[in-house]
Structures are given as C-alpha cells and as structure tokens.
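Here is the naming used below: chain letters follow the sequence lines, and residue numbers restart at 1 for every chain. Hydrogens, waters and symmetry mates are skipped; everything else that's a heavy atom, side chains included, is used.
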Amino acid sequence: MTNRLDELNPAQRAAVTAGDGPVLILAGAGSGKTRVITYRIAYLLEERKLAPRQLLAVTFTNKAAAEMKERLRALLGNSAGELWISTFHSACARILRQEIEVLGYGRNFTVFDEGDAATTIHWALESAGASGGLGVGALRTRIDQAKNEGLGPAELAARDPSGEGALTAEIYRLYQSRLKSLNALDFGDLLMLVHQLFTTRPEVLARWQARFNYVLVDEYQDTNRVQYLLLQALARASGNLCVVGDEDQSIYRWRGADIRNILEFERDFPNALVFKLEQNYRSTKTILAAAHSVIANNLERKEKRLWTENEAGEQIVHYTGVTERDEADFIAREIGRLGQEGFRPAEMVVFYRTNAQSRVIEEALVRRRVPYYVVGGVRFYERREVKDLLAYLRLIANPADALSLERLTAVPPRGVGARTLEVLGAAAAREGVSLFAAMGRAEAESAIALRIARQVSALHQWLSALIQNAAQMKVRELLDEIVARSGFFAYLDSLPDGADRREGVTELLSAAAGFDQEHGPGGLTDFLERVALVSDSDQVAQAGGSAALMTLHTCKGLEYPVVFIAGMEEGLFPHSRSQGAGEVEEERRLLYVGMTRARRLLYLTNTLSREIYGTRQEARPSRFLREIDPTLIRRFAPAGRNEPLRVPARGEIHVDYSDSQLPPAGDGDFGVGSRVAHPTFGAGVVRKREGRGEGAKAWIQFERAGTKLLVLKYAQLKPIADS
DNA sequence: GTCGGGTACTTTTTT
DNA sequence: AGTACCCGAC
C-alpha cells in the first residue's frame with residue numbers, strides 16, 4: 001500500500017488516507033477520481049482492516065462497478081469478491097430480494113421497464129375512468145418524480161391538492177396497487193421501497209447498518225432525494241460516508257437529482273472532511289480553458305479552476321455546415337482524415353444532445369466507410385422480439401406478472417385473443433387468483449369456446465412445467481425450449497422484417513449463454529434483473545475498432561482522444577424544452593461534461609438549418625459557442641462550393657456548401673435561407689418550410705412587411721440570387 | 001375482427 | 001419523418 005500511495009498527488013493521497021467519519025471529495029473532470037476511489041477502498045481494506053463485506057460502494061453504471069471490481073481484484077486478489085460495488089438500483093434490488101416479503105411482495109418480483117410502467121399507467125387511467133387532463137407520459141413523469149422524492153400517493157395528494165395533483169395521486173395509488181398484485185417494481189420502487197423498509201422497520205435498517213460499516217458513493221452530484229435519505233439512514237450508525245462528485249457535472253436534475261446534496265454536504269454532515277482534486281490529467285490546456293470559460297457562466301456552483309501540466313495542444317475546431325448532412329459529412333471526413341494521421345476509429349467519438357441526431361451522422365459514416373457503433377438509443381432489451389421472448393422468462397420467474405402473460409399469449413399468435421383474456425381476467429378477479437391460475441381452469445369457463453380453452457390450458461400446462469423446472473435449468477435452455485416449442489422463428493418469418501428480428505433473438509440467446517457461463521443453472525431471476533438494470537453506457541466498448549456515437553448524457557465518466565460535439569444550436573443545445581434559468585445551467589453543465597471528455601482534439605459543429613419533425617428550420621448558433629474564449633477556437637470550413645478546405649481568417653463567417661443538400665441558389669425552390677421577392681411584400685428571406693407538394697408553405701421574413709406564412713403555390717414568389 | 005387510411009403527436013436527456 | 005392510435009370499411 002505504501003508504495004502505491006506514491007503514485008498519487010498530495011491531494012489524492014490525502015483523500016485516500018482520510019480517517020473515519022464523513023468525507024467529501026470534490027473531484028474535477030479528469031482528476032483521477034476513479035483511481036482515488038479504488039485506492040481508498042484498497043486502503044480501507046488493507047490498512048483499516050475493514051472486511052470486504054462491510055463496504056458498500058455505489059457507482060453510476062454497472063460498467064463502472066465492473067471496472068472498479070476488476071481493478072480491485074488486481075490490487076487485492078480474491079478478497080475483492082465479497083465487495084458490494086454496484087449501482088444504486090442494483091444494490092437496492094439486492095437488498096429487496098432478501099427483505100421485500102415484509103412489504104407484501106414476493107422475492108421473485110419483476111422489475112418493470114419504462115414501457116411496462118406506461119402500459120400499467122394506461123390501465124390505471126382506464127380503470128379510474130379518468131379522461132382529459134394528463135396523459136400517460138405526464139403521469140409517469142409525475143409519479144416517478146414523487147418516488148424520487150420518497151413520496152407515496154397520500155403524501156403527494158397532501159402536497160398538491162389541485163385537480164391535477166389529485167388525479168396524479170389517484171392514478172399513482174391505482175398504479176401502485178396494480179404493481180403489487182403483479183409482484184412488480186418499477187425503477188423508482190427499487191429505491192423507494194428500500195427507503196420505506198428503512199423508515200418503517202427499524203430492525204431491518206439496523207441489520208444493514210451493522211452490515212455496512214462504510215459507504216462510498218460516486219457521482220454524488222447526481223443523487224436524488226430518496227438516495228440521499230437512504231445514504232443518511234445507512235451511514236447514521238457508523239458515520240462513515242464518503243461521497244465523490246463535482247457539481248459542475250450534475251446533469252440529471254430532470255430525473256430528480258438534487259445538486260444541493262453535494263453543495264450542502266458540509267452542512268448536512270458538519271464534521272465532514274473535504275478534499276479537492278483540481279489537477280487534471282486528461283485534457284490539453286486549451287480544452288480545459290475552453291470548458292472553464294463555458295462553465296464559469298453558471299451561478300449555481302462553487303468557483304474553482306482545474307489546471308493541468310499537459311501541453312496547450314490544438315485549438316478547438318468550430319465548423320458550420322448548411323444542413324445536418326453537411327455537418328455529418330464533415331465529421332465523417334474528419335474522422336477519416338484523422339485515421340490517416342494515426343488515430344484509431346475507437347479513439348474518436350461523436351456526442352449529440354438528442355438520439356434523433358444520430359441517424360444522419362450514421363449515414364455519413366456509412367458513406368465514408370468509417371466503422372462505428374451507437375451507444376444507447378433503442379435499447380436492445382426493449383426491442384419488440386426480445387421483449388416478446390423475455391415475457392416468457394418473466395412469467396416463469398414471476399407467475400403473477402399478468403402483463404407478461406398477456407404479451408406471451410399473443411406472440412406468437414395462438415388463437416387466444418384479447419377477449420379470451422378479458423374473460424379469464426374477470427374470472428381471476430372474481431376468484432381472487434392470478435390470471436395465470438385462471439388460465440389453468442379455462443376449460444371450466446363457459447364463456448370460452450372449448451377449442452380455445454384447450455389452447456389455453458395447453459399453454460398453461462407447458463408454462464407450469466417450465467416453472468417447475470426453472471430452478472434446475474440454465475437460462476439458455478429455457479429460451480431454447482421456448483423458442484422451439486412456441487414456433488417463434490416460424491412466426492418471425494411470417495413478418496416482413498423477420499430477418500432483422502431473428503438477429504435480435506440470436507443475440508438474446510447468446511447473451512443468455514454468456515450469463516449461464518458465470519452462473520450455472522437456476523439464475524433466471526438474476527438474469528432478468530441484470531437485463532432490467534443495464535444502462536446505456538454499459539455497452540461502451542473498451543476496445544474494438546469502431547468510432548462511438550452517443551448522447552451527451554451517456555458520455556459521463558468516459559474519455560476519448562478526439563471528441564466531436566454536434567448540433568451546437570439554439571433550441572437543440574440548449575434544448576428548447578430547457579429554457580428556464582436553472583435548466584440552461586444544466587444544459588451548460590452537459591456541454592462541460594462533453595468537452596472535458598476530450599484528451600487532445602475537440603470539435604464543435606453547428607448548422608444553419610436543420611430538419612425537425614419533418615420540417616426544415618432555420619438554426620442559430622448556440623449561445624454556448626459565444627461563451628468560449630474566441631482565441632481558443634479555430635473556425636474551419638470552405639468558403640464556397642468546390643473550394644478546398646481552408647482555415648479562414650479570424651472573424652470571417654464560413655459556411656460549407658460542398659455537400660449541401662440545398663438546391664443551388666436561384667432555382668426557384670425557395671429553400672430555407674434563400675432570398676425571395678414578393679409582388680406586394682417586397683424582398684425577404686425564407687425562414688422555415690412546412691408541408692410539401694400542393695400545400696407547401698413557407699415562413700418568409702420580409703424586410704418591410706414582417707414575417708408571413710405563405711402558400712408557395714399562390715404566393716408568386718421570385719427567387720433573388722444571393723450576392 | 002382485421003385492414004387501411006387519416007390524424008395527431010412526438011423524445012430531450014435515462015436508471 | 002415516423003409512429004401510435006382512432007375510426008370507418010371490407
């Protein structure tokens with residue numbers, strides 16, 4: 001250990017060797033945070049003689065947890081095995097697998113994803129007969145927020161007695177009781193129910209307090225209220241709570257994260273030791289200075305400044321394309337060019353604000369033959385065919401999961417339709433049994449045709465047998481039987497996109513096989529839990545020969561030699577739905593996180609026009625671009641069509657027309673940005689297009705007459721050539 | 001009961 | 001643009 005400490009700078013060493021009690025480590029981007037956490041754990045185990053099982057370390061992603069475990073195994077050898085290093089959600093799930101029965105759930109509970117939750121809220125909305133007001137999405141957000149704050153339906157109703165508040169609370173109540181009858185938990189429940197246990201069952205809390213002598217939390221700036229309460233409860237006995245974070249990197253306010261948790265840690269834990277890690281080992285001086293000039297505009301932060309001994313490095317490149325296609329092609333071209341300068345594709349990454357931006361960039365990369373992969377977006381386990389198959393597994397693990405039962409009954413189609421299920425559901429409710437149990441008695445149900453009832457009971461028998469045997473079977477074996485017996489492939493082949501779907505199934509089968517290798521038979525519940533709690537960034541490949549594409553939210557905790565940030569435009573970044581003062585600050589932090597991922601080269605790109613929801617809109621440069629010290633930026637673009645790339649003079653405005661999808665000026669197509677003349681309104685500029693063909697309209701900003709929406713067919717517009 | 005067309009809406013970000 | 005959903009027609 002002693003030699004190991006030599007590898008740390010003084011601030012890092014102080015943090016690693018801090019004594020008992022609350023500890024706050026303010027770790028700037030690239031300041032060696034992961035190393036500090038890992039070494040601190042090693043220090044606690046070796047020098048302070050903590051047993052591995054006495055320590056709980058909470059990370060933000062499963063991948064971060066796995067990497068940390070790996071490093072510790074290298075430092076400590078096998079004793080790392082008993083360590084609890086996991087995400088908040090995984091840790092809570094694990095606690096609940098042991099403790100949940102006192103709350104009236106079974107230990108084999110299912111973890112619902114977003115879609116399952118939405119379906120259930122839809123059900124609640126219908127059974128409440130509520131119409132108008134809030135939609136499923138809004139309700140889901142509100143309920144989730146309540147759970148993030150640790151509030152139940154009654155508390156929510158008390159806090160917001162308005163009509164909307166009452167409706168939300170009522171739906172929340174119905175939703176919650178439905179979840180319970182399905183023996184299912186949503187993401188919020190994982191945290192909330194542990195909180196409930198800890199507050200209502202002192203003996204349970206005491207047990208876990210005794211178990212965990214030391215709690216360590218990474219990315220503390222992104223903890224929400226319940227997480228805060230959980231930590232406080234757990235650490236109350238020992239007082240040993242060590243949190244690591246950086247308020248400048250707090251980017252999950254919208255999902256309940258409370259930046260005050262970190263800003264007020266010293267108030268909450270008055271005797272806390274505080275350590276600041278301000279030396280950055282990752283980025284060039286230029287990148288760091290640019291990032292600082294952006295984040296310095298935030299008010300809700302403590303002033304601090306990262307510094308580095310790294311070289312100044314290259315200027316930041318700012319590129320402007322006419323359309324998103326230009327932007328994408330520039331990125332693809334640059335990645336290609338850098339490839340020839342010795343950067344591997346895997347060292348380069350493209351970040352964007354919204355998932356929708358990835359498509360155009362992907363197309364450009366395909367055209368330029370750049371290997372790439374997308375992190376996040378449509379999640380693998382939420383793909384239709386995968387969810388269809390998982391429904392079988394979920395039912396086997398948890399026969400109360402009627403949602404999965406309904407799903408698997410319909411896919412592949414076996415003549416048992418919605419009406420049959422309705423009858424069975426009514427029978428189940430009448431007799432107070434589960435839907436699955438009611439299926440076993442279908443043949444006694446007179447309202448169901450005998451032919452169909454036989455189908456139902458055959459399905460029931462088969463599934464019952466699988467439930468019986470599941471404990472002895474590997475997940476892969478279960479899946480193989482399900483696929484074979486249900487005729488899943490034959491069903492897929494009957495679909496127009498069957499070939500693509502087969503791929504998803506194959507991938508799921510190999511994921512299951514991989515899981516079985518670690519677990520052996522009977523791991524079904526663990527497998528499903530892992531599936532439910534995978535995070536987007538878990539898919540980030542550490543090696544491989546492809547450039548990565550991901551949202552700015554997903555990029556947290558990563559670093560790359562070359563970073564592109566696309567879509568630096570008002571309305572996109574900062575996003576039009578995040579225009580409140582606090583929200584813009586969060587967007588700014590998001591950019592800060594993105595910029596500080598870069599080691600050597602940073603590119604920022606924007607466009608003059610972008611297609612949003614099918615209409616082309618004028619795009620203005622992001623305010624954040626102006627916040628960067630201009631001396632750190634080099635604008636990089638060709639001056640006009642058919643001219644080679646060149647570095648423009650300072651202050652010159654540059655636009656890339658080289659791969660523009662806009663029609664050439666003056667061809668009468670009235671593209672966004674083109675100048676037009678109207679017989680009565682005079683000269684103007686096309687600002688936005690709507691519709692196509694006969695009904696195509698354009699918003700035109702006239703020099704004298706203001707902005708008008710005109711139908712192109714009747715407007716008698718004439719193009720004016722740009723000067 | 002299913003198909004198809006028209007319409008309205010969307011995802012901003014995710015465990 | 002894409003899709004989810006609703007209503008009317010076969």
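If you check B:dT15, C:dA1, B:dT14 against the side chain of A:Glu611, the one that comes closest is C:dA1. Distance from the side chain of A:Arg359 is smallest for C:dG2 among the nucleotides B:dT15, C:dG2, B:dT14.
Rounded to whole Å, the distance from CD on A:Gln357 to P on B:dT13 is 9 Å. Atom C1' of nucleotide C:dA1 and atom CD of A:Glu324 are separated by 12 Å, given to the nearest angstrom. One atom, CD of A:Glu583, and another, C1' of B:dT13, lie 12 Å apart when rounded to the nearest Å. Between A:Tyr352 atom OH and B:dT13 atom P there is a gap of 10 Å when expressed in whole angstrom units. If you measure from atom CD of A:Gln227 to atom C1' of B:dT14, you get 12 Å, rounded to the nearest angstrom. The interatomic distance linking A:Asp258 (CG) with B:dT15 (P) rounds to 20 Å, in whole Å. Atom CG in A:Asn62 sits roughly 9 Å away from atom P in B:dT15 (whole-Å rounding). Atom P of nucleotide B:dT15 and atom NZ of A:Lys63 are separated by 13 Å, given to the nearest angstrom.
Under a cut-off of 6.0 angstrom, the local environment of CZ in A:Arg97 is crowded, with over 12 non-hydrogen atoms contributed by other residues, nucleotides or ligands.
With respect to A:Arg620 and A:Glu569, no salt bridge is recorded, no charged nitrogen being found less than 4.0 Å from a carboxylate O. Between A:Arg94 and A:Glu529 no salt bridge is recorded (no basic side-chain N to carboxylate O distance below 4.0 Å). A salt bridge links A:Asp189 to A:Lys147: one of the charged nitrogens lies within less than 4.0 Å of a carboxylate oxygen. Salt bridge present: A:Glu327 and A:Arg610 bring a charged side-chain N and a carboxylate O closer than 4.0 Å. Taking a cutoff of 4.0 Å between a charged side-chain nitrogen and a carboxylate oxygen, A:Asp258 and A:Arg253 do not qualify as a salt bridge.
Within the nucleic acid shown, A:Ser578 comes within 4.0 Å of at least one base atom, counting heavy atoms only. Within the nucleic acid shown, A:Glu114 comes within 4.0 Å of at least one base atom, counting heavy atoms only. At a threshold of 4.0 angstrom between heavy atoms, the contacts of A:Phe60 with the nucleic acid are absent.
Here A:Thr551 reaches the OP1 or OP2 of B:dT14: one of its side-chain N or O atoms lies under 4.0 Å away. Proximity of A:Ser90 to the phosphate of B:dT15: no side-chain N or O atom is located under 4.0 Å from OP1 or OP2.
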Using a cutoff of under 3.5 Å, can you pull out all pairs of nitrogen or oxygen atoms linking the protein to nucleotides 8-11 of chain B, with atom names and distances?
| from | atom 1 | to | atom 2 | distance (Å) |
| --- | --- | --- | --- | --- |
| B:dT11 | O3' | A:Tyr613 | OH | 3.2 |

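When ring centroids are compared, A:Trp254 and A:His575 stay outside the 6.0 Å threshold. Taking the six-membered ring wherever Trp is involved, the centroid distance between the rings of A:Tyr220 and A:Phe60 does not fall below 6.0 Å.
Remark: ring of A:Trp254 stacked against base of B:dT13; centroid gap under 5.5 Å, plane tilt under 30°.
B:dT11 and C:dC6 have their C1' atoms separated by 22 Å, with the value rounded to a whole Å. Comparing C:dA4 with B:dT13, their C1' atoms are spaced 22 Å from each other, to the whole Å.
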